[in-house]
Amino acid sequence: MIAGRIPKNSTIEASLHLAEDVDLLMANSSSTEQPAWQRNPVFEFFASLKLAVVLLAVLIVAAIAGTIYESSFDAKVARSYVYGAPWFNIWLVLLGANLAASALSRWPWRKHHLAFLITHLGIITLLIGSLIGRIWGIEGTITLFKGESPTNRLLADQRQLRVHDVDGVVKAYPAEFLHHPPTPQHPRNLGQLASGARLQIVDYATAIEGKLNPKPLANGGAPALHFTISTAMMNQRLESWLLADDPQHGNFSMGLANIELKRGSAPNAAKGTGDSPNRLEASESARFREATTGQASRSEAIELEESVFAFSKAPEEQIGRVAKGGGTGAKVRLEPPQSENKERVLISLNGKEVSFDVAENLGRDVEIRGTPYTLKIENYWPDFRIRDGKPSSVTDRPNNPAVLVTIRGRGVPATETASNPHGAGTEFNATGGPPAMPASGADALNHLTLFVADDGAITYELASRKNGKSFGKIDMSKPLPTGWADWQLVVDKAMPHAGQWMDFTPVKAEKTSTPPAAANLPDGVRVCLEQNSEKFEQWVPAGWEITVPTSINETMIAYGWKVIGLPIGLELLDFEVKRNEGSDSPAGFKSTLRVATAEGESATGSCWMNNPFSFPGAWWRTWTGLTYKISQASWNPENLGQSTVQILRDPGWLLKWIGSLLVVIGVFMMFYLQPYRKQTEGEPITPTSAKPKGQKRPAAAGSPNIPATVQR
């Protein structure tokens with residue numbers, strides 16, 4: 001009911017009262033015309049604008065966090081915490097429900113609702129396509145080898161524990177532990193197996209180290225021995241087991257030297273001694289040194305350059321390499337620090353001695369007074385070790401100082417170069433780099449082969465660049481000087497019959513200035529099987545399978561990437577690498593594949609960078625996403641018969657594209673097409689023109705003060 005009449009001489013006041021009357025009328029009309037389900041509190045909550053703002057704000061923050069995680073760590077971390085997390089799926093479902101309720105709240109729809117509805121439908125379609133791809137999509141890699149039979153084992157970027165149970169069934173359990181890893185206090189229970197054993201994951205480690213620890217057997221197996229090899233100069237002690245003639249565990253590599261174990265006896269072992277390697281005669285040694293260094297006595301002054309390793313704990317043992325001309329004849333000693341971080345290098349050259357402070361002259365070219373040479377301290381290691389064939393420092397404390405210096409200048413080459421226990425030649429590069437490793441597939445120039453006879457006698461054949469070849473017999477627990485600097489080997493355990501067994505232990509990251517060696521080690525889980533009051537615990541590193549002696553039959557447990565069996569099999573027919581003209585750098589690589597199904601359908605195609613191969617190739621399968629897209633992922637430069645391809649199948653692909661297209665169309669209509677730009681509250685009010693004095697407005701039924709132009 002509208003009280004009072006509008007004064008004829010107040011146009012502005014009349015307009016205000018008219019607007020109030022219209023708002024009241026439309027509110028009453030809207031409340032009476034809305035269906036009951038639109039007035040439901042639950043429906044109003046899902047259709048509210050406030051919910052939409054909250055959902056979109058959280059999704060924006062999550063997208064920012066996911067981008068930061070992916071750039072700081074990797075895609076796996078971003079997927080685990082954001083994009084693949086359960087809360088993210090729930091949030092997308094809530095957003096879809098909000099959009100659907102918002103569209104239904106405009107019912108009954110009119111022409112000006114069309115752009116709004118198309119936009120909302122597009123977003124909902126896109127969300128549905130995304131969820132279908134996340135749930136039923138497939139993505140992973142397969143490594144193929146030329147000449148091998150087809151394979152269908154796809155490796156997804158997710159960890160899982162696979163158990164080959166006693167009933168023959170292979171069971172798979174998710175095992176991603178980026179957050180909330182299991183601990184002995186809070187293990188992850190995986191349930192009961194067919195054997196009745198209860199399976200748990202009781203611990204997780206980011207790096208697992210495996211060591212051979214063979215078990216003695218009554219008969220069969222292979223001979224095994226345990227040795228230690230140590231050096232006082234580098235303050236290192238290494239130890240390992242070896243299995244005779246075993247392709248995986250019969251060899252121990254130290255970078256510049258290899259140790260190998262074989263069955264039988266060393267040739268000419270009776271001519272050698274067990275105390276030390278045979279030495280070459282003086283004339284033979286001189287010829288050997290001259291042949292390896294390519295240097296002879298010279299009388300004219302030429303450009304010389306020599307790099308020398310010196311060790312504080314072994315002042316007489318320096319390791320040198322001539323880079324240009326010949327040796328300088330310099331003697332380099334690293335003096336023990338008189339105070340913290342005050343090491344000095346002492347150079348003895350041409351009867352003169354000059355010392356340099358290491359910290360002050362590191363990386364600088366300085367003149368050696370009284371000589372035509374300059375010195376540059378290339379690098380310094382306070383606690384020297386050889387790791388993976390490279391010099392490194394395990395701590396910042398001067399426990400085993402070592403230094404690398406380079407001496408340059410014009411002079412007469414020394415007839416005898418600086419002593420090099422590793423032999424002269426190419427062990428060290430001229431820029432202060434690590435010892436040069438042997439070429440792939442080549443034997444190290446320093447090589448020790450151990451032989452175990454049927455009667456248990458141990459003999460050896462030793463090759464050293466410094467001392468040549470020698471043979472002899474080894475007594476248990478008696479040191480054998482190798483001639484590789486001051487390394488000495490001791491055999492302390494032996495088994496005539498042994499079976500292979502690996503002990504796995506987690507590696508803790510050391511708090512050092514250099515990266516820990518654990519960086520290249522696999523992660524792993526510790527599993528526990530409890531059956532009939534007996535408990536068995538064992539670490540399982542990624543990529544390994546262990547056997548647990550459960551009753552009735554053994555149980556096999558493996559940890560690694562999630563394996564998905566595809567309905568198609570892939571075979572590598574050929575792999576090509578194109579090189580840039582005039583160099584060995586790769587310009588591109590291509591895999592030629594054959595894809596087959598169990599029904600006998602097959603196809604051959606090629607994939608290379610940015611050019612995938614799809615199977616099946618029918619156009620409607622490609623457009624609907626019901627196809628396997630095969631792309632070139634990576635390759636192995638050391639094996640051109642190997643290729644890794646990525647396989648992607650996204651059944652929600654078409655819905656994503658349709659949804660994106662609908663969103664673009666709806667937004668375009670709302671902003672650029674006039675008929676669809678009107679608000680959804682109703683038609684705009686058309687103002688009435690001014691009336692002559694004394695003329696009365698026609699009254700609407702039931703509402704005498706409402707103009708006819710606003711009647712519905």
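The distance from the CZ atom of R526 to the CD1 atom of I201 is 13.0 Å, given to the nearest 0.5 Å. Expressed to the nearest 0.5 Å, how far CD1 of I118 lies from CD1 of I123 amounts to 12.5 Å. One finds the CD1 atom of I90 at 7.5 Å from the CG atom of L94 (value rounded to the nearest 0.5 Å). In this structure, OG1 on T592 lies 9.0 Å from NZ on K146, to the nearest 0.5 angstrom.
Using a 4.5 Å heavy-atom threshold, the side chains of Y173 and L199 count as touching. T206 is listed as a side-chain neighbour of Y204, based on a closest heavy-atom distance under 4.5 Å. Side-chain contact check for W109 versus L114: every heavy-atom pair is 4.5 Å or farther apart. Considering only heavy atoms from C-beta on, D650 comes within 4.5 Å of K656 through its side chain. At a threshold of 4.5 Å between non-hydrogen side-chain atoms, the residues Q632 and K590 do not count as touching. Looking at heavy atoms from C-beta onward, I568 lies in side-chain contact with L570 at the 4.5 angstrom threshold. You'll find the side chain of N189 reaches within 4.5 Å of the side chain of R198, heavy atoms only. Between L144 and E571, every side-chain heavy-atom pair lies at or beyond the 4.5 Å cut-off.
With hydrogens and angles disregarded, no donor-acceptor distance shorter than 3.5 Å links the side chain of S130 to the backbone of L126. Remark: side-chain polar atoms of T119 are paired, donor with acceptor, to backbone N or O of A115 under 3.5 angstrom. Counting only distance, with no hydrogens or angles, the side chain of T604 and the backbone of R594 share no donor-acceptor pair below 3.5 Å. Panel note: side chain S614, backbone G617; no donor-acceptor pair is recorded below 3.5 Å.
Crowding of N580 atom CG: a count of heavy atoms from other residues, nucleotides or ligands under 6.0 Å exceeding 12. Heavy-atom contacts from other residues, nucleotides or ligands closer than 6.0 Å to CH2 of W107 number 12 or fewer. With a 6.0 Å radius and a threshold of 12 heavy atoms from other residues, nucleotides or ligands, K171 has its NZ atom above the threshold. The environment of CZ in R579 is crowded: more than 12 heavy-atom neighbours from other residues, nucleotides or ligands sit within 6.0 Å.
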Show the numbers, then the answer: is there a side chain to side chain contact (heavy atoms under 4.5 Å, CB included) between N639 and F145?
CA-CA 9 Å; N639 184 2; F145 295 89; 4.1 Å; yes
Stepwise, does the side-chain hydrogen bond (donor to acceptor under 3.5 Å, both in side chains) test hold for Q646 with E139?
CA-CA 7 Å; Q646 182 189 47; E139 184 178 3; 3.3 Å; yes
List the steps, then state whether side chain to side chain contact (heavy atoms under 4.5 Å, CB included) holds for L572 with E148.
CA-CA 8 Å; L572 180 64; E148 290 192 355; over 6 Å; no
Evaluate the side chain to side chain contact (heavy atoms under 4.5 Å, CB included) criterion for residues S105 and F43: first the C-alpha distance (whole Å), next the side-chain angles of each, then the deciding distance (0.1 Å), finally the verdict.
CA-CA 9 Å; S105 67; F43 179 85; 4.0 Å; yes
So L155 and V563, side chain to side chain contact (heavy atoms under 4.5 Å, CB included) or not? Walk me through it.
CA-CA 5 Å; L155 299 182; V563 179; 3.7 Å; yes
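When all heavy atoms of S591 and S643 are compared, the pair lying nearest together is OG-OG, 2.6 Å. Taking each heavy atom of C528 and V202 in turn, the nearest pair found is CB-CG1, 3.8 Å. Across all their heavy atoms, I208 and P506 have their closest contact at CD1-CA, 3.9 Å. Between G569 and N152, the closest heavy-atom pair is CA-CB, 4.3 Å. Closest heavy-atom contact between S606 and F613: O-CB, 3.5 Å. Nearest heavy atoms, L655 versus G129: CB-CA, 3.7 Å.
Between W653 and W657, the angle of the ring planes lies from 30° to 60°, which puts this pair in the tilted group. Between F116 and H120, the two ring planes are tilted [angle within 30° to 60°].
Checked options N636, T141, T143; the residue passing with T644 is T143 (criterion: side chain to side chain donor-acceptor pair (under 3.5 Å)). Put simply, the residue from D165, V525, V527 that forms a side-chain contact (heavy atoms from CB on, under 4.5 Å) with I557 is V527. Of the listed residues (F504, W539, Y559), just one forms a ring pair (Phe, Tyr, Trp, His ring centres under 6.0 Å) with W544, and that residue is F504.
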